[in-house]
Amino acid sequence: PIEPPSPQEHGLDFQRLLDASAYKEMFRQDMIRWGEEKRHADPGFFCQAAVEGALQPVWVVSDTRRLSDVKWFQEAYGDVVQTVRVVATEETRKRRNWVFVTGVDDAESECGLDEGVAFDWVITNDGDKVALDEQLEMLVQSLHRNL
């Protein structure tokens with residue numbers, strides 16, 4: 001598979017690209033464009049890369065962004081796939097320094113799963129640690145029962 005250009009090739013700080021900083025935002029549209037080119041050529045490009053070499057009985061594939069990604073996993077692995085959506089209110093997201101950016105936050109990479117998926121689990125993460133832990137415990141127990 002073709003690897004993305006490394007951050008070092010472009011003089012970028014890889015760790016800063018992983019956080020929610022303004023630094024990442026300067027390069028975000030270029031990263032999205034590169035990803036779209038890869039998906040257009042092969043809709044399963046990133047999905048296949050995520051599972052390559054995985055041998056564990058349970059995998060957590062985080063940050064899936066598109067309906068085509070969910071469909072790829074469901075077609076490849078069938079009924080064992082469990083879809084989980086983590087939600088937070090807009091108010092909570094703003095407290096976490098999220099700011100809506102037109103052309104980015106309304107793109108498929110950010111809202112492609114807002115419709116068309118019947119999630120098996122919806123986890124609310126609005127800052128209540130006890131409630132979050134309870135929800136995650138229910139999910140983990142369900143996974144254990146299905147092993």
message = For the backbone of T92 and the side chain of D126, can you confirm whether one donor and one acceptor N or O come within less than 3.5 Å of each other?
response = no
Shortest non-hydrogen separation from R96 to A88 and the atoms involved = NH1-CB, 3.8 Å
message = Do the side chains of R95 and E91 get close enough for a salt bridge, i.e. N-O under 4.0 angstrom?
response = yes
ask   = Below 4.5 Å, heavy atoms only, C-beta onward: do Q48 and E52 meet side chain to side chain?
value = no
message = If hydrophobic residues (ILVMFWY) are linked whenever their side-chain heavy atoms come closer than 4.5 Å, directly or via other members, who joins F119 in its cluster?
response = L67, V70, V87, L113, V117, V122
query = Taking it one step at a time, do R85 and W121 satisfy side-chain contact (heavy atoms from CB on, under 4.5 Å)?
reply = CA-CA 6 Å; R85 181 176 182 109; W121 298 87; over 6 Å; no
query = Any salt bridge between E90 and K94, counting N to O under 4.0 Å?
reply = yes
Let me have the donor-acceptor pairs involving side chains of residues 128-143, under 3.5 Å, with sequence neighbours excluded, atom names and distances please.
unit_1 : atom_1 : unit_2 : atom_2 : d
D128   : OD1    : V130   : N      : 3.2
D128   : OD1    : A131   : N      : 3.1
K129   : NZ     : D133   : OD2    : 2.8
Q135   : OE1    : T124   : N      : 2.7
Q135   : NE2    : T124   : O      : 3.0
Q135   : NE2    : A131   : O      : 3.1
E137   : OE2    : Q141   : NE2    : 3.0

request  = Start with the C-alpha distance between E108 and R66, add both sets of side-chain angles, then the distance that settles side-chain contact (heavy atoms from CB on, under 4.5 Å), and finish with yes or no.
outcome  = CA-CA 7 Å; E108 183 183 13; R66 290 164 177 77; 3.5 Å; yes
inquiry  = Q74 vs D79, test: side-chain contact (heavy atoms from CB on, under 4.5 Å). Steps then yes/no.
reply    = CA-CA 7 Å; Q74 290 171 330; D79 292 339; over 6 Å; no
request  = Before giving the answer on side-chain contact (heavy atoms from CB on, under 4.5 Å), spell out for W98 and D105 the whole-Å C-alpha distance, their side-chain angles and the decisive distance to 0.1 Å.
outcome  = CA-CA 10 Å; W98 172 77; D105 291 306; 3.5 Å; yes
ask   = Would you say R39 and F45 make side-chain contact, with heavy atoms under 4.5 Å?
value = no
query = Mind checking who shares a hydrophobic cluster with V51, ILVMFWY linked at side-chain heavy-atom distances under 4.5 Å?
reply = W59, V61, W72, F73, Y77, V80, V81
query = Do D69 and K71 meet the salt-bridge criterion of a basic N to acidic O distance under 4.0 Å?
reply = no
key: Shortest non-hydrogen separation from A118 to T83 and the atoms involved   = O-OG1, 3.7 Å
